[in-house]
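Okay, structure first, notes after.
Just so it is clear, the model here is predicted, and its values are computed rather than measured. In this chain, numbering begins with 1 at the start of the sequence shown. Just so it is clear, the values below take in all heavy atoms, side chains as well, and ignore hydrogens, waters and symmetry mates.
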Amino acid sequence: MANNFSAAQLEPSEQTEQVTLMQLEEVSDLIMSPGCDYKYTLSFCPSAEAEQMRELVKDKISAGESTEQILDYFAGVYGPKVMAQPAKKGFYFVAWWFPYFLLFDIFLLVGAILFFWRKRSDSENKIAAAENVESETLRKDMEDLLEKEVREFRNE
């Protein structure tokens, strides 16, 4: 017989504990563990300090604190390096959006280069066309002059 339980089959206290564990994991994934030199989040760090921090997070969730309040608490105690993602305010706002601004600037720069390159090549084409007209006129004048000289030479 399989022991498959759905959320509806659990007792109310177990459902509440399950939701709390899901919330615990959601919040723990947003906090870097000082016990693992800030390389892993609380969810993946095996240190005793990370276990204590997970218990503290669990207590704060049980007390009804929001995710933002919990993150603010840990940022106040350990500093901003404890956050898995930088805050989207102040200097960190610029750090968060900098890659997008850089990408936009690159596209803008490439567009400007292509625009001016195209404009320059159009003007060069016009100059070349004008030079071709001038050279064609000069060639025609030279041919006429040569023909005139040849006629005069034959008539003499």
Side-chain angles (χ1 to χ4, degrees), residues 1-140:
M1 177 181 234
N3 287 334
N4 294 333
F5 295 106
S6 68
Q9 294 172 332
L10 296 174
E11 295 178 14
S13 63
E14 291 175 355
Q15 285 180 1
T16 305
E17 187 173 323
Q18 184 180 11
V19 170
T20 303
L21 291 176
M22 288 178 8
Q23 289 175 342
L24 173 65
E25 188 172 321
E26 286 176 9
V27 175
S28 296
D29 284 340
L30 298 174
I31 301 171
M32 301 301 290
S33 176
C36 290
D37 295 326
Y38 301 99
K39 294 179 183 176
Y40 301 106
T41 62
L42 288 181
S43 299
F44 297 108
C45 182
S47 73
E49 185 176 3
E51 182 61 37
Q52 290 174 349
M53 290 175 74
R54 280 191 294 270
E55 287 299 320
L56 183 59
V57 168
K58 187 175 182 180
D59 291 343
K60 288 185 171 293
I61 290 172
S62 297
E65 290 188 32
S66 70
T67 302
E68 288 300 318
Q69 290 172 327
I70 296 170
L71 294 177
D72 288 343
Y73 168 78
F74 281 104
V77 173
Y78 294 98
K81 65 183 174 182
V82 79
M83 307 308 290
Q85 298 177 350
K88 294 182 182 177
K89 57 186 173 186
F91 168 75
Y92 296 107
F93 176 80
V94 174
W96 186 266
W97 288 102
F98 180 75
Y100 301 108
F101 291 137
L102 184 63
L103 188 63
F104 176 73
D105 290 344
I106 289 171
F107 280 126
L108 194 64
L109 181 64
V110 168
I113 289 171
L114 290 175
F115 174 77
F116 288 115
W117 188 13
R118 172 90 179 187
K119 190 175 180 181
R120 182 176 157 210
S121 71
D122 286 346
S123 65
E124 286 176 354
N125 289 341
K126 288 177 184 176
I127 291 170
E131 287 175 354
N132 284 341
V133 168
E134 287 178 13
S135 66
E136 186 65 31
T137 305
L138 183 61
R139 187 181 64 80
K140 183 80 169 152

Rounded to the nearest 0.5 Å, how far apart are [atom1] of [X] and [atom2] of [Y]?
X      : Y      : atom1 : atom2 : result
Arg118 : Phe115 : CZ    : CZ    : 10.5 Å
Asp105 : Phe98  : CG    : CZ    : 8.0 Å
Leu24  : Ile61  : CG    : CD1   : 5.5 Å
Leu71  : Glu65  : CG    : CD    : 10.5 Å
Leu30  : Leu42  : CG    : CG    : 9.5 Å
Met83  : Asp72  : CE    : CG    : 7.0 Å

Nearest heavy-atom pair of [X] and [Y]: which atoms, and what distance?
X     : Y     : result
Asp29 : Ala84 : O-CB, 3.7 Å
Leu56 : Tyr73 : CD2-CE2, 3.6 Å
Val57 : Ser28 : CG1-OG, 4.5 Å
Gln69 : Gly64 : OE1-O, 4.5 Å
Met32 : Thr41 : SD-CG2, 3.8 Å
Gly35 : Ser47 : CA-OG, 3.6 Å

### Neighbour count above 12 (heavy atom, 6.0 Å) for Tyr40 OH
no
### Message
Does any part of the side chain of Ile31, heavy atoms only, come nearer than 4.5 Å to the side chain of Tyr78, both counted from C-beta?
### Response
no
### Query
Can you find a pair of side-chain heavy atoms, one from Cys36 and one from Pro46, that are under 4.5 Å apart?
yes
### Query
With a 4.0 Å cut-off, would you call Glu51 and Arg54 a salt bridge?
yes
